[in-house]
Amino acid sequence: MATVRRTSCNLCEAICGVLVTVEDGHVTDIRGDEADPLSRGHICPKAVALRDLQEDPDRLTTPVRRTADGWEELGWDEAYELVAAKLTEIQKEHGKNSVGVYLGNPNVHSLGALTHMPTAVRQLGTRNRFSATSVDQLPHMLASHLLYGHQLMVPVADIDRTSYLLMLGANPLASNGSMMTAPGFGRRLKEVQKRGGGVVVIDPRRSETAAVADEHHFVRPGTDAAFLLALIHQVIADGHARLAQYVDGLEAVTEATREWTPERAAPVTGIDADTIRRIAREFAGADKAACYGRVGVSTQQFGAVCQWAVQVLNIITGNLDRPGGTMIPRPAVDTLRGIGRGHIGVWKSRVRGLPEFSGELPASVMAEEILTPGDGQIRAMVTIAGNPVLSTPNGRKLDEALGTLDFMVCVDPYINETTRHADVILPPTPPLERDHYDLAFHQLAVRNTARWNDAVLPRPPEARHDWEIFRGLGLALLRRTPRSRRKVIASARLRLSPKRVVDLGLRIGPYRLSVGKLRKSRGGIDLGPLQPALPGALRNKSKRIDLAQRMILDDLPRLSAFLLAGRNGLVLIGRRHLRSNNSWMHNSARLVKGKPRHQLLMNPDDLLSRDLEDGQLVHVSSAAGSVDVEVAASKDMMPGVVSLPHGFGHGRPGARLTIANQVAGASANDVTDADLTDTLAGTAALNGVPVKVTAAAVIG
Ligand SMILES: Nc1nc2c(c(=O)[nH]1)N[C@H]1C(S)=C(S)[C@@H](COP(=O)(O)OP(=O)(O)OC[C@H]3O[C@@H](n4cnc5c(=O)[nH]c(N)nc54)[C@H](O)[C@@H]3O)O[C@H]1N2
Ligand SMILES: Nc1nc2c(c(=O)[nH]1)N[C@H]1C(S)=C(S)[C@@H](COP(=O)(O)OP(=O)(O)OC[C@H]3O[C@@H](n4cnc5c(=O)[nH]c(N)nc54)[C@H](O)[C@@H]3O)O[C@H]1N2
Ligand code: SF4
Ligand SMILES: [Mo]
């Protein structure tokens with residue numbers, strides 16, 4: 001008999017409500033849930049892959065251990081004991097920091113990981129913690145920490161009410177939006193236009209989003225900071241800056257941006273001065289405007305300056321905290337409460353001296369921390385929901401480094417490019433077998449809503465949820481530590497179920513909800529549009545916003561020097577595709593079907609001047625490494641810029657994934673350079689990597 005169950009897709013930040021049809025224990029259909037107050041029926045092709053994940057023969061369901069004769073299954077309790085014993089032994093001999101941890105992207109999409117993983121990881125007490133944050137949204141978090149007193153208080157563009165949206169380095173038509181939960185982003189953009197509003201996209205590639213915008217301007221990768229500073233300069237010069245009474249520091253910003261004129265920005269960015277001036281005036285003049293910058297302006301050498309400047313532009317034009325501008329969501333569980341306000345530079349990485357941010361070191365230093373001998377060298381790694389061999393810069397070097405470890409454990413359902421180095425792999429249940437409440441993305445959503453989802457399918461008896469794995473591992477580690485109050489609290493935390501944690505959070509949250517109340521609602525509860533919340537919601541002690549952040553202003557001379565040095569050759573940037581999800585799910589044939597999309601995109605003039613032809617195999621090389629990949633001519637590329645998607649380039653020996661042809665190709669991160677970072681906070685500069693492109697050598 002067929003039953004239809006409600007849940008949400010957690011594959012990206014849009015958290016769409018979906019209806020899943022189950023017949024005889026198998027999923028037979030997945031569609032959008034019209035009753036969902038946030039997603040209103042929207043889904044994308046990735047949702048069908050939820051079903052493929054469920055039935056995927058490549059997916060592990062029980063722990064495995066590496067032996068001389070290959071992978072061997074083992075029991076859960078045995079696995080926890082083995083892992084805890086090994087990690088404790090290595091730490092006893094070489095110190096706490098000898099164990100490194102990488103936390104990958106899917107952790108933020110899993111309720112059980114968010115409720116239980118931090119407690120388990122804390123038991124390791126290591127400073128060598130890394131995560132996808134430093135190859136992603138770190139600059140947003142730094143800007144929020146500095147300006148609003150909390151790393152996760154990130155204002156979102158109020159897209160449903162705005163009349164002018166300026167987007168830099170974001171392609172929501174492929175990504176479905178990020179650091180901004182707005183399911184059906186494309187439809188919401190159209191609604192902006194229907195209301196008579198304008199959408200302006202700044203991107204070195206005429207992306208899918210640029211194609212539907214009212215205006216698109218190419219920008220030289222990594223130079224957006226000059227564009228944004230010029231906008232700020234112009235708004236101030238025109239006398240259009242209007243500050244809320246709780247904002248300070250305009251004088252210092254005026255002074256710091258005095259020289260950053262549109263005329264100065266024009267030659268370096270490639271956007272002419274009149275256009276910059278016009279955009280500044282339209283932005284300041286719009287009755288409601290929002291500036292939003294995403295991955296393209298975060299994972300570059302001046303990501304922190306960019307994200308600060310995005311905020312400053314919104315603040316000085318009076319758009320922060322007003323409907324149609326940028327606003328701070330108020331989710332039913334106050335996620336910020338349980339998470340620290342953030343800190344930077346409290347310690348530095350051992351080898352290169354890059355700063356920690358909120359307890360994590362930049363992923364760019366991971367390989368060198370494993371490979372460089374000495375006190376504090378990493379000898380064992382724990383990876384949780386991450387595939388850093390494909391996802392972090394200079395992945396080849398990391399790949400080699402992982403091969404030298406004394407021990408590695410991965411919490412991951414697949415044997416892939418990274419986990420093939422593991423000694424033990426602990427696979428969690430797939431999304432449809434788990435309960436879900438979205439702790440992360442309601443905090444970034446363009447409308448306040450709340451939804452609890454019971455698991456659609458039962459967990460098979462031999463499988464474990466991720467939170468059960470963290471409980472098992474955490475308790476096994478705790479058994480090896482002396483008695484303390486801290487230990488008692490940690491054990492108690494690990495024993496609570498995620499449902500209990502969410503229920504408590506809902507009850508003490510701003511709307512006094514409960515799991516029971518949410519369960520009774522069809523598709524979730526609508527808590528209404530975003531509401532003004534400042535200055536009350538600010539988490540810094542002064543309850544004021546200081547625009548003049550020393551750390552950022554002191555970084556401007558580095559920006560000047562970078563721009564002055566100029567660049568002649570090609571630079572590499574990244575991209576995403578709708579039918580591809582970071583470094584995984586490429587074994588879902590239904591998801592990745594269609595035309596190949598692994599190619600290096602290059603402007604036809606750049607091909608011509610190098611005597612290269614559309615479709616041929618080319619050699620792409622940087623200071624860090626090289627790949628051979630097919631090139632595709634594309635007029636959508638800015639001259640001088642080439643683009644490769646990340647997460648491709650599977651098929652390393654030992655990985656056990658049935659990858660479809662469409663995602664063959666090469667890993668962009670075999671070319672990106674771990675030495676190229678935004679030194680201010682250590683974010684990887686994955687965009688704007690200087691490269692050479694030549695014909696690939698013909699073998700044979
Ligand atoms: N060149 C370049 N590199 C990039 C980017 C780019 O734009 N360009 N983008 C960066 C960004 S924004 C990010 S977020 C990172 C992402 O990079 P990662 O942090 O590596 O995350 P994913 O690529 O999503 O890898 C997912 C891993 O988690 C496993 N997994 C999937 N679901 C679960 C689960 O529920 N539980 C557990 N335990 N494991 C699971 C998968 O098998 C896979 O190994 O890549 C970054 N790398
Ligand atoms: N289908 C799908 N959806 C996803 C993902 C996925 O892999 N597949 N990944 C998810 C993750 S982890 C994230 S973080 C989000 C990211 O979501 P987005 O930020 O929307 O990411 P992208 O689609 O990579 O878009 C980045 C854009 O920045 C441009 N760009 C590159 N360099 C520069 C630059 O220097 N300046 C400017 N102005 N632009 C630049 C690129 O051309 C590209 O169009 O997407 C999420 N959603
Ligand atoms: S946009 Fe697609 S992948 Fe993202 S949550 Fe919705 S259905 Fe899932
Ligand atoms: Mo990301």
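Order of listing sets the numbers, starting from 1, for every ligand and every atom in it.
Looking only at heavy atoms of the protein, atom 9 (N) of ligand 2 is closest to R576 NE, 2.8 Å. What sits closest to atom 14 (S) of ligand 2 on the protein, heavy atoms only, is D136 OD2, 3.2 Å. In terms of protein heavy-atom proximity, atom 31 (C) of ligand 2 is closest to N687 OD1, 3.4 Å. When hydrogens are left out, the protein atom nearest atom 43 (C) of ligand 2 is D203 OD2, 3.4 Å; that is the closest non-hydrogen contact. Of the protein's non-hydrogen atoms, the one nearest atom 7 (O) of ligand 2 is N582 N, 2.7 Å. Given atom 26 (C) of ligand 2, the protein heavy atom at minimum distance is G169 O, 3.3 Å. In terms of protein heavy-atom proximity, atom 30 (N) of ligand 1 is closest to P413 CD, 3.7 Å. Shortest contact from atom 25 (O) of ligand 2 to any protein heavy atom: N171 N, 3.4 Å. Among protein heavy atoms, atom 2 (C) of ligand 1 sits closest to H646 CB, 3.3 Å. The nearest heavy-atom contact from the protein to atom 29 (C) of ligand 1 is D412 OD2, 3.1 Å. Looking only at protein heavy atoms, the nearest one to atom 34 (C) of ligand 2 is G296 O, 3.2 Å.
A search for salt bridge (Lys or Arg N to Asp or Glu O under 4.0 Å) contacts involving D136 returns R294, not counting sequence neighbours. Residues satisfying the salt bridge (Lys or Arg N to Asp or Glu O under 4.0 Å) criterion with R188, sequence neighbours excluded, are D160.
Remark: ligand 2 atoms within the under-4.0 Å shell around heavy atoms of V219 are 36 (N), 37 (C), 38 (N). Applying the 4.0 Å criterion to heavy atoms of D224 picks out, from ligand 2, the atoms 34 (C), 35 (O), 36 (N), 37 (C), 38 (N). Contact atoms of ligand 2 toward I573: 31 (C), 32 (N), 42 (O) (distance under 4.0 Å to a heavy atom of the residue). Close approach of ligand 2 to L578 is summarised as follows: ligand atoms under 4.0 Å from at least one heavy atom of the residue are 1 (N).
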Please report the C-alpha distance between R205 and E208 in whole Å, then the side-chain angles of each, then the deciding distance to 0.1 Å, and finally whether the salt bridge (charged side-chain N to carboxylate O under 4.0 Å, His left out) criterion is met.
CA-CA 9 Å; R205 175 177 159 243; E208 292 79 355; 3.2 Å; yes
Chi angles and distances behind the salt bridge (charged side-chain N to carboxylate O under 4.0 Å, His left out) call for D670, R396:
CA-CA 6 Å; D670 288 347; R396 284 276 164 206; 3.2 Å; yes
Passes salt bridge (charged side-chain N to carboxylate O under 4.0 Å, His left out), D58 versus R656? Steps please.
CA-CA 7 Å; D58 291 338; R656 279 215 313 226; over 6 Å; no
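In terms of modelled atom types and a separation under 3.5 Å, the side chain of E468 and the main chain of H465 share a donor-acceptor contact. Of the possible polar contacts, one joining the N687 side chain to the G574 backbone as a donor-acceptor pair under 3.5 Å is found. Side-chain atoms of N394 do not come within 3.5 Å of backbone N or O of A674 as any donor-acceptor pair.
Classification of the H586-H650 ring pair by plane angle, with boundaries at 30° and 60°, yields perpendicular.
Checking only distances, C12 never comes within under 3.5 Å of ligand 2, N or O to N or O. For ligand 2, the polar-atom distance check against H577 finds a nitrogen or oxygen pair separated by under 3.5 Å. By the 3.5 Å distance cut-off applied to N or O atoms, G104 is not counted among the residues near ligand 1. Of the N or O atoms in N416, one or more lie within a sub-3.5 Å distance of an N or O in ligand 1.
No side-chain donor from either of T61 and E462 sits under 3.5 Å from a side-chain acceptor of the other. The closest side-chain donor-acceptor pair between N107 and H109, if any, does not fall under 3.5 angstrom.
A centroid separation of 6.0 Å or more is found between the aromatic rings of H217 and F227.
Selection from S580, P221, A210 by nearest heavy atom to atom 8 (N) of ligand 2 gives S580. Checking S391, G647, A385, P431 against atom 27 (C) of ligand 1, the nearest heavy atom belongs to A385. Residue S583 holds the heavy atom nearest to atom 23 (O) of ligand 1 of all those in S110, S134, S583, G395.
With respect to the salt-bridge test (charged N to carboxylate O, under 4.0 angstrom), the residues D466 and R471 do not qualify.
Residue contacts with ligand 1: P428 is included, with a non-hydrogen atom under 4.0 Å away. Heavy-atom separations between R434 and ligand 1 include at least one value shorter than 4.0 Å. Ligand 1 does not have G574 within reach: every non-hydrogen atom of the residue lies 4.0 Å or more from it. Residue contacts with ligand 1 leave out D466, since none of its heavy atoms falls under 4.0 Å from the ligand. Residue-ligand proximity: K46 is placed with a non-hydrogen atom under 4.0 Å from ligand 2.
Atom CG of residue D423 and atom CZ of residue R66 lie 6.0 Å apart, to the nearest 0.5 angstrom.
Using a 4.5 Å cut-off on side-chain heavy atoms (C-beta onward), T683 and T677 make no contact.
If you look at V135 next to ligand 1, the close heavy atoms, those under 4.0 Å, come from the backbone and the side chain alike.
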